[in-house]
Amino acid sequence: MLRIAVAGGVCLCLLLPRLSRGGSSPAPPVQASSLIEHDTAVATQQPGPHGGGGKTTAYSFFARAPNLQLVFRKRALHPGAAIGYHRQEEDEIYYIVSGTGELTLNGARSVVSPGTAILTRPGSSHGLRQVGPDDLVIIIAYQQSSGARGR
């Protein structure tokens, strides 16, 4: 008898919300617009950010997407280009796609190459310089904040 009462209670809990809405299913969540962007549509030539110098190509994906708090960018540092040494204000991730670079992180230097991921945290300092014959291509991701511009 107790099993029947428990089963009946469970059924009522599942059905009551539907009955109070006139028997309809729950409304699906509102879906935001999804986007597809290509390198060729977003590429811009820029000097190395943070005073790094040299020539780079920045690919700022979804920069015009409404209410997106994530910055997702690809940057090609051409021979001799760099991202200048600077203090980090928010968590930021670099991922090395191709080429070779010299990373300075909190004063310590290391060589980075394809497959390397770098997490910089607020309060740390870092810079990245292209070395070698090929462009250093990186993916950069961080949460958008009022002070985060131009990497």
Side-chain angles (χ1 to χ4, degrees), residues 10 13-151:
V10 169
C13 288
L14 293 173
L15 289 175
L16 230 85
R18 287 184 179 201
L19 292 174
S20 67
R21 287 191 304 269
S24 66
S25 303
V30 176
Q31 182 178 356
S33 297
S34 298
L35 299 171
I36 297 173
E37 292 186 343
H38 298 277
D39 284 17
T40 55
V42 298
T44 58
Q45 302 300 308
Q46 297 178 348
H50 300 288
K55 294 181 181 179
T56 74
T57 304
Y59 306 86
S60 295
F61 295 99
F62 315 116
R64 293 187 179 101
N67 304 316
L68 181 63
Q69 298 302 311
L70 175 70
V71 173
F72 183 77
R73 180 174 295 140
K74 179 171 92 170
R75 184 174 296 276
L77 284 80
H78 306 300
I83 296 173
Y85 194 73
H86 62 283
R87 185 174 170 86
Q88 197 59 39
E89 300 298 326
E90 66 281 315
D91 285 339
E92 178 178 52
I93 298 170
Y94 286 4
Y95 181 78
I96 311 300
V97 176
S98 62
T100 305
E102 181 182 75
L103 173 72
T104 304
L105 179 61
N106 296 324
R109 291 186 178 172
S110 59
V111 174
V112 294
S113 57
T116 303
I118 303 145
L119 170 64
T120 58
R121 307 304 303 260
S124 68
S125 295
H126 70 280
L128 181 62
R129 184 172 60 91
Q130 182 276 344
V131 296
D134 301 320
D135 289 348
L136 174 61
V137 180
I138 62 175
I139 299 293
I140 305 166
Y142 58 94
Q143 220 174 358
Q144 182 66 55
S145 70
S146 58
R149 300 279 182 245
R151 278 180 211 71

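As the structure is a computational prediction, the values presented were derived from the model and not from experiment.
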Taking all non-hydrogen atoms of both residues into account, name the closest pair between T56 and P49 and its distance. CG2-CD, 4.5 Å
Contact summary for T120 and S124, nearest pair of heavy atoms: CB-OG, 3.8 Å
Under a 3.5 Å distance rule, please check whether R73 uses its side chain to pair with a backbone N or O of Y59 as donor and acceptor. no
For a quick test of reading the model, state the closest non-hydrogen atom pair linking P114 to G99 and the distance between them. CD-O, 3.2 Å
Please confirm whether the backbone N or O of S125 pairs with a side-chain atom of N106, one donor and one acceptor, at under 3.5 Å? yes
Would you indicate whether the side-chain heavy atoms of I138 and I118 approach each other to under 4.5 Å? no
Pairwise distance OG1(T57) to CZ(R75) - rounded to 0.5 angstrom: 9.0 Å
4.5 Å side-chain heavy-atom contact, D39 and K74: yes
To check you understand the geometry: which heavy-atom pair defines the closest contact between L128 and I96, and what is its length? CD2-CD1, 4.4 Å
I'd like to check I140 versus V71 (side-chain heavy atoms, cut-off strictly below 4.5 Å). Are they in contact? no
Determine yes or no for a side-chain-to-main-chain donor-acceptor pair under 3.5 angstrom, with Q130 supplying the side chain and G80 the backbone. yes
Any pair counted as salt bridge (charged side-chain N to carboxylate O under 4.0 Å, His left out), so long as it reaches residues 127-138, sequence neighbours left out: E102-R129
Any side-chain heavy-atom pair from D91 and Q143 closer than 4.5 angstrom? no
Between H78 and Q45, which heavy-atom pair has the shortest distance, and what is it? NE2-OE1, 4.1 Å
Would you compute the distance between atom NE2 of H38 and atom CZ of F61 and round it to the nearest 0.5 angstrom? 9.5 Å
Between the main-chain N or O of F62 and the side-chain N or O of E37, is there a donor-acceptor pair closer than 3.5 Å? yes
Look only at the side chain of H86 and the backbone of H126, and say whether a donor-acceptor pair between them is shorter than 3.5 Å. yes
Heavy atoms of A117 and Y95 approach each other most closely as CB-CD1, 4.0 Å
Over 12 non-hydrogen atoms of neighbours within 6.0 angstrom of CG in L35: yes
Counting C-beta onward and ignoring hydrogens, is there a side-chain heavy-atom pair between Y94 and I83 closer than 4.5 Å? yes
Atom pair CG/CG of L103 and L136 - distance to nearest 0.5 Å: 10.0 Å
